[in-house]
2 protein chains.
Amino acid sequence: MTGITVLLVDDHLVVRSGLKALLGTQPDFDVVAEAASGEEALGLVEQHSPAVVVMDLAMGAGMDGIEAIKQLRQRNGRQAILVFTTYDSDADIVRAVDAGAMGYLLKDASPDEIFAAIRGAVQGKSVMSAPVASRLFQQLRNPDEVLTPREAELLSLLTQGLSNRELGQRLFISEATVKTHLAHIYAKLGVETRAAAIATAIRREGMR
Amino acid sequence: MTGITVLLVDDHLVVRSGLKALLGTQPDFDVVAEAASGEEALGLVEQHSPAVVVMDLAMGAGMDGIEAIKQLRQRNGRQAILVFTTYDSDADIVRAVDAGAMGYLLKDASPDEIFAAIRGAVQGKSVMSAPVASRLFQQLRNPDEVLTPREAELLSLLTQGLSNRELGQRLFISEATVKTHLAHIYAKLGVETRAAAIATAIRREGMR
DNA sequence: AGCAGCATCAGCCAAAAGGCTGAGAGACCA
DNA sequence: TGGTCTCTCAGCCTTTTGGCTGATGCTGCT
C-alpha cells in the first residue's frame, strides 16, 4: 500500500532534496512530486492530488506561498497544507493560517517534529513549531495590539519608504486619515516615530 | 582514491541533507562532515581538514558565518571556503569576501553551478553567482556610492529607528553633523527621506 | 606644499511628521 | 436598539526633518 502522499513546494532545490531525503527515511511517506513555484504546485496538485502539501512561503519569483495556499483552498482540494519556512513573522503566520494552512513549521524543526506535523496534518490536526505557537497565543492574549487590516496595509506601504502624501494617494484617502492610521500603528507597535515603526515592522514582520 | 572532501555548515538540517544528496550524485565529491553552527564547524575542520567548507552565513544562534570564516582563516587552514546563502546583501558579500571566502553562491543556484563552484574553489578559483558578481562590480564601478565608515555606522543606527538627536548623542556629535551625514547617505542611496533610507538599507544590506 | 576626502559644525528656511481633540458613517454583534 | 470597531476626515500647534550654503581641522597622497 502507499503511504502518505506528499508534494514538496520550495524554490530551493537543496531544500527540496533535503526534505525528500528526510521523508524517505520514513516508510509511511511518499513524496510524489516537487514544485519550485506556486504555479507549478497548483498543476502538480491537480495531477497527483497528494494528501499533504509542504510549502515554503518565500518563493523567488511569481506567486508566493500565501497566494498558492489560497488558490489551493479555492479549488476545494482536500490536501492538508503545511507551511515550512525560515522565518516566524507575525504577518506570515496570520496570513498563512488565514489562507487555510493546517500547520506552520520552521526550517530548523527537528526531523521528528516534521514527521509528526505531516502525520498530524492528514488527520486534521494543526501543528506548529513552538515559537510560532507562542506568537499566535500572544496575539490572542493582546488583541488590542493586533493591527487592523487597513493598518497592516498602511504599514506594509510604510516600509517601502512612502511619505504621508504618497500613502494617501496610493490608498485613496486623505493625508489626515493617513496620520490617524499611523498614530494607531505607532501605539500598537510601541514606537513613537515612523522610522522606528519601519524598523520594527521589517524586523518583526519579516516585511521585505 | 578519495575525491574532494567537503564540510557542510548550515543550521538547517534539510539544507544539509539536500546538499549532501546533491553532492552525492557526483563521484568526485566526498562529504566528510556536517556542522550546524560555526563553533561546530571549527572543530570539524580540525578533525577532518576538508578541502572545501560550504557555509551558510545566517546561523541561528552563536557564531555567525562571517565570524566562522575569519576564525578559519586565522587558524591558517588551507580550506577553500564557499559561502552558500539565501540572500545577496551588499554588506554580507563584502564582509564574506573580506573575511576570506573563495566564492559566494546563492541557494537558488543550479546544481551545475554548485558543482563548478566547489571544483573551482579547490583550484583557487573564485566563483560567484551572477547577481552577486554584478553587485560587486557595481561597487567597483561606482566607488562614489560606497558609504564611508562613519556613514555606515550612522545608517546602521538609523535602521534602529533613532532620531537625529539620538543619533548625535549616541555618536557624540552635534545634530548638525548628523544631518550632514544623513544628506550624504541619502544621496548615495538614491533616496530622499529617512524612511526610504531605512527601507533601502534593511532590504539591500540585510541590516537586521 | 597643495589637494582631496572625511568628519565636524552653524544658521536659515521650507516641508514633513507627530500630538491632540473631535466627529461622522458603516459594519457587526449582543 | 445600543454599543463597539473600523475607517474616514479636519484643524491646530509643536517638533522633526530636509535642502542649502559655507566653514574648519585632520589625514593621506602626490
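Only this structure's heavy atoms are used, side chains among them; waters, hydrogens and symmetry mates stay out. Below, chain A is the first sequence line, B the second, and so on; all start at residue 1. Because the structure is a prediction, the values reported are computed rather than measured.
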Could you tell me whether the side chain of [X] and the main chain of [Y] form a donor-acceptor pair under 3.5 Å?
X	Y	value
B:Thr200	B:Ala196	yes
B:Glu151	B:Thr148	yes
A:Gln71	A:Glu67	no
B:Glu46	B:Gly43	no

Position toward the 5' end of DNA chain C (nearest nucleotide), A:Ala183 or B:Ile173: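 Final value for this comparison: B:Ile173.
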Using atom [atom1] of [X] as one end and atom [atom2] of [N] as the other, report the distance to the nearest whole Å.
X	N	atom1	atom2	result
B:Asn164	C:dA16	CG	P	17 Å
A:Arg194	D:dT17	CZ	P	11 Å
B:Arg150	C:dG5	CZ	C1'	16 Å
B:Glu151	C:dC6	CD	C1'	9 Å
B:Leu147	C:dA7	CG	P	10 Å
B:His181	D:dT17	NE2	C1'	17 Å
A:Leu162	C:dA15	CG	P	20 Å
A:Glu175	D:dC9	CD	P	12 Å

Under-4.0 Å side-chain N/O to phosphate OP1/OP2 contact, B:Thr148 with C:dA7: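 So the side-chain polar atoms of B:Thr148 do come within 4.0 Å of the phosphate oxygens OP1 or OP2 of C:dA7, strictly under.
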Contact under 4.0 Å: A:Arg165 side-chain N or O vs C:dA15 OP1/OP2: no
Salt bridge present between B:Lys107 and B:Asp10 (N-O < 4.0 angstrom): yes
Touch class at under 4.0 angstrom, heavy-atom based, for B:Thr177 against every strand present: base
Which residue lies more 5' along DNA chain D, comparing B:Thr180 with B:Glu192 via nearest heavy atoms: B:Glu192
DNA chain D: 5'-proximal contact among A:Lys179 and A:His184 (nearest heavy atom): A:His184
Proximity to the side chain of A:Pro149 - top-ranked nucleotide from C:dA16, D:dC7, C:dA7: D:dC7
Closest to side chain of A:Ala176, choosing from D:dA10, C:dC9, C:dA7: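 When the side chain of A:Ala176 is considered, D:dA10 is the closest of D:dA10, C:dC9, C:dA7.
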